[in-house]
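Contents: one structure, followed by commentary.
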Amino acid sequence: MEKINIKTVKEEAYSIYIERGMLSNLGGYLIKLTEKKSRVVVITNPLVKALYGVTLCSALKEGEFEVVFIEVPDGERYKSLSTANHLYDELIKRKADRHTLLVALGGGVIGDLTGFVAATYMRGLPLVHIPTTLLAQIDSSVGGKVAVDHHLAKNMIGSFYHPRAVFTDPEVLSTLSDKDLKNGIVEAVKIAVISSPAFFEWLEENLSRLLEKDRDLLSELIKEAVNLKVDIVLEDPREKGLRRLLNFGHSIGHALEAEVGYQTLSHGEAVALGMLVESRIARQRGQCSEELETKIRQILSFLYTSLPLPSSSSSSLSKEESIFEYIKNIDYYSFWETLTLDKKNYQGRMTFILPQALGKVSPVEDITFEEVVKALEELKKE
Ligand SMILES: NC(=O)c1ccc[n+]([C@@H]2O[C@H](COP(=O)([O-])OP(=O)(O)OC[C@H]3O[C@@H](n4cnc5c(N)ncnc54)[C@H](O)[C@@H]3O)[C@@H](O)[C@H]2O)c1
Ligand SMILES: [Zn+2]
């Protein structure tokens with residue numbers, strides 16, 4: 001088992017445990033974290049409950065916990081204050097107190113929402129994450145950010161709130177959709193570009209087997225990606241500097257999601273396009289070589305072309321064009337307006353994270369409308 005310790009401040013120290021099959025043995029781990037017979041409230045959605053509710057419930061009962069499940073509907077639109085409010089009602093009805101352990105069983109939506117409720121109900125309940133999507137396992141469960149969306153902007157209302165532990169079981173990825181698998185792999189590519197040439201190479205070598213859900217490789221990916229994110233988060237727990245680097249691909253990516261529509265474009269596709277556009281801007285500025293841009297582009301186009309198995313490079317090209325379709329009808333003025341709303345902009349200056357070399361990205365704070373349009377125009381023509 002991989003055990004990754006996170007020590008922010010003393011009272012917030014916790015570990016991320018990564019082990020295949022650990023969901024069935026969770027009772028034993030939880031006993032070490034909390035009092036025996038404590039009350040546990042599991043927050044999840046109907047899909048994840050149907051898949052893993054029984055396994056988790058029997059594991060918790062073996063640990064002699066009193067278990068209650070509360071379900072919220074599936075989907076980003078339920079990561080809201082009104083769902084949080086519904087959860088407060090349910091917790092009050094069930095007389096949850098400061099000793100009640102909240103367990104988030106699900107993807108990033110459930111993790112962010114449950115974390116937000118745990119941070120705010122009675123000024124803080126103990127929290128455990130059991131992330132069940134690849135994105136949640138390598139990204140959203142790492143680093144203590146919790147939030148709900150505001151109708152005008154995503155993740156606008158939130159906090160930093162650390163769990164008592166994160167229990168990551170790679171086995172649950174067996175049921176994940178291809179789209180959600182890719183959403184997670186794109187985040188792995190992102191962290192590799194930001195901080196590890198070796199991990200990037202490893203991803204290049206193993207991508208087709210990862211797409212086939214080779215469980216050993218997925219476990220390795222999770223361990224490596226979590227370690228890399230932890231290194232960054234520990235240096236900058238409150239996102240004052242270094243942690244902003246994790247935004248590579250996301251300035252353009254988030255704006256594309258907002259412009260094209262969340263239903264049409266997956267987060268992975270948006271971030272993949274974001275990395276491509278941002279790499280092109282970096283190249284136009286002479287900050288990134290053509291070779292680096294090509295490397296990033298190759299791995300991403302492979303990802304969006306090759307299910308179940310990669311075929312010839314010509315079919316790669318045609319499918320790659322299809323993700324470029326999304327940028328074809330963008331209204332540049334409205335797109336720029338959306339970009340200016342990004343929380344990550346610094347003192348009103350448009351800030352992007354641009355790549356310089358594998359393992360090296362840096363913030364650039366004077367991005368202009370003209371260069372964004374130029375990069376989009378060039379990519380549209382390719
Ligand atoms: N807190 C952070 O630092 C952080 C970082 C990145 C993303 N996020 C947030 O994460 C959210 C996205 O998370 P996500 O991509 O996991 O989406 P999600 O939570 O919506 O999950 C995607 C889909 O997968 C289903 N699912 C979950 N586990 C499954 C399993 N094992 N098998 C089959 N289906 C399963 C879900 O029910 C859902 O339909 C966004 O709200 C984003 O803002 C937060
Ligand atoms: Zn992301």
Side-chain angles (χ1 to χ4, degrees), residues 23 43-53 55-56 71-80 83 104-116 119 127 129-150 153-163 166 168-191 194 213 215 218 225-226 229-230 232-233 237-239 243 246-254 256-258 262-263 265-275 343-344 353:
L23 192 63
I43 298 178
T44 188
N45 71 32
L47 175 64
V48 179
K49 186 178 177 207
L51 291 167
Y52 301 108
T55 311
L56 178 61
E71 288 174 51
V72 298
D74 197 350
E76 180 75 31
R77 71 196 176 96
Y78 296 99
K79 199 179 104 177
S80 64
T83 314
L105 175 70
V109 166
I110 290 290
D112 280 12
L113 171 72
T114 308
F116 179 80
L127 167 72
H129 283 296
I130 307 178
T132 60
T133 62
L134 183 57
L135 183 140
Q137 295 185 338
I138 68 170
D139 197 355
S140 60
S141 67
V142 183
K145 279 197 201 173
V146 299
V148 293
D149 298 334
H150 184 270
K154 269 187 76 172
N155 295 325
M156 264 305 170
I157 307 156
S159 182
F160 288 93
Y161 193 70
H162 292 288
V166 181
T168 292
D169 183 351
E171 289 296 330
V172 301
L173 302 179
S174 62
T175 50
L176 200 63
S177 69
D178 293 335
K179 183 187 95 182
D180 285 305
L181 181 71
K182 289 180 181 186
N183 283 347
I185 294 178
V186 168
E187 303 292 353
V189 170
K190 177 198 79 173
I191 194 85
I194 294 171
K213 291 196 185 151
R215 229 85 89 238
L218 280 173
V226 168
K229 183 165 178 189
V230 164
I232 293 178
V233 166
R238 298 264 156 174
E239 200 165 306
R243 198 167 170 169
L246 294 168
N247 209 39
F248 174 51
H250 283 66
S251 299
I252 292 283
H254 282 150
L256 279 174
E257 280 179 302
Y262 294 94
Q263 307 305 328
L265 197 60
S266 72
H267 182 67
E269 287 170 333
V271 174
L273 280 166
M275 288 194 268
K343 289 200 287 309
K344 307 282 177 359
I353 304 301

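Numbering of residues begins at 1 and proceeds along the displayed sequence. Counting starts at 1 for both ligands and their atoms, in listed order.
For atom 10 (O) of ligand 1, the closest non-hydrogen atom of the protein is Gly108 CA, 3.4 Å. Ranking the protein heavy atoms by distance from atom 8 (N) of ligand 1 puts Ser140 CB, 3.6 Å first. Given atom 28 (N) of ligand 1, the protein heavy atom at minimum distance is Thr132 OG1, 2.7 Å. Among all non-hydrogen protein atoms, the one lying nearest atom 40 (C) of ligand 1 is Glu76 OE1, 3.2 Å. When hydrogens are left out, the protein atom nearest atom 35 (C) of ligand 1 is Leu176 CD1, 3.8 Å; that is the closest non-hydrogen contact. Of all protein heavy atoms, the one lying nearest to atom 25 (C) of ligand 1 is Leu47 CD2, 3.9 Å.
Considering backbone and side-chain atoms alike, Val172 places an N or O below 3.5 Å from some N or O of ligand 1. In terms of polar-atom proximity, defined here as any N/O pair under 3.5 Å, Asn183 makes no such contact with ligand 1. The distance criterion of under 3.5 Å between nitrogen or oxygen atoms is not met by Val146 with respect to ligand 1. Backbone and side-chain nitrogen or oxygen atoms of Lys145 are examined, and one is located within less than 3.5 angstrom of a nitrogen or oxygen of ligand 1. Considering backbone and side-chain N/O atoms, Lys79 comes within less than 3.5 Å of an N/O atom of ligand 1. Between Val109 and ligand 1, at least one N/O pair is under 3.5 Å apart.
The heavy atom nearest to atom 22 (C) of ligand 1, considering only Asp180, Asp139, Leu113, is found in Asp180. Across the listed options Asp149, Thr133, Val48, Asp112, Asp112 owns the non-hydrogen atom lying nearest to atom 9 (C) of ligand 1. Ranked by closest heavy atom to atom 30 (C) of ligand 1, the top entry among Thr175, Leu135, Ile130 is Thr175. Of the candidates Leu134, Asp74, Asn45, it is Asp74 that places a heavy atom closest to atom 39 (O) of ligand 1.
Taking the six-membered ring wherever Trp is involved, the centroid distance between the rings of His250 and His267 falls below 6.0 Å.
Below 4.0 Å from some heavy atom of Asn155 lie the following atoms of ligand 1, by number and element: 43 (O). Listed by number with element, the atoms of ligand 1 under 4.0 angstrom from any heavy atom of Leu51 are 32 (N), 33 (C). Residue Tyr52 has at least one heavy-atom neighbour below 4.0 Å for each of these atoms of ligand 1: 31 (N).
Residues Ile110 and Asn45 approach most closely at CD1-N, 4.0 Å, considering heavy atoms. Summarising the geometry of Phe248 relative to Val271, their closest heavy-atom pair is O-CG1, 4.5 Å, with the distance given to 0.1 Å. Considering all non-hydrogen atoms of both residues, Pro131 and Ser141 come closest at CG-OG, 3.7 Å. Looking at every heavy atom in both residues, Lys213 comes nearest to Leu181 through CG-CD2, 3.9 Å. The heavy-atom pair separating Pro237 from Phe160 by the smallest distance is O-CE2, 3.4 Å.
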Next on the checklist: Go through it in stages, so that I can follow the logic: the residues are His150 and Asn155, the test is side-chain contact (heavy atoms from CB on, under 4.5 Å), and I'd like the CA-CA distance, side-chain angles, deciding distance and then a yes or no.
Outcome noted: CA-CA 7 Å; His150 184 270; Asn155 295 325; over 6 Å; no

Item to check | Verdict with supporting geometry, Asp112 and Val148, side-chain contact (heavy atoms from CB on, under 4.5 Å) | outcome: CA-CA 7 Å; Asp112 280 12; Val148 293; over 6 Å; no

Checklist entry - Where do Asp149 and Lys79 land on the salt bridge (charged side-chain N to carboxylate O under 4.0 Å, His left out) test, with the steps shown first? => result CA-CA 6 Å; Asp149 298 334; Lys79 199 179 104 177; 3.8 Å; yes

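Scored by the salt bridge (charged side-chain N to carboxylate O under 4.0 Å, His left out) test, Glu71 finds Lys49 as partners (sequence neighbours excluded). Among residues two or more places apart in sequence or in another chain, the salt bridge (charged side-chain N to carboxylate O under 4.0 Å, His left out) test is passed with Glu187 by Lys190.
Residue-level proximity to ligand 1 for Lys154 is carried by the side chain, the only part with a heavy atom below 4.0 angstrom. Here Val142 has no heavy atoms under 4.0 Å from ligand 1, in either its backbone or its side chain. Under 4.0 Å from ligand 1, not a single heavy atom of Leu173 appears.
Residue-level check: among N/O/S atoms of Glu187, OE2 sits closest to the Zn ion (ligand 2). Looking only at its N/O/S atoms, His250 has NE2 as the one nearest to the Zn ion (ligand 2).
Under 3.5 Å, the side chains of Thr175 and Tyr52 contain a donor-acceptor pair of N or O atoms.
With hydrogens and angles ignored, the 3.5 Å screen pairs a side-chain donor or acceptor of Thr44 with a backbone N or O of Leu105.
At least one side-chain heavy atom of Arg243 sits under 4.5 Å from a side-chain heavy atom of Leu246.
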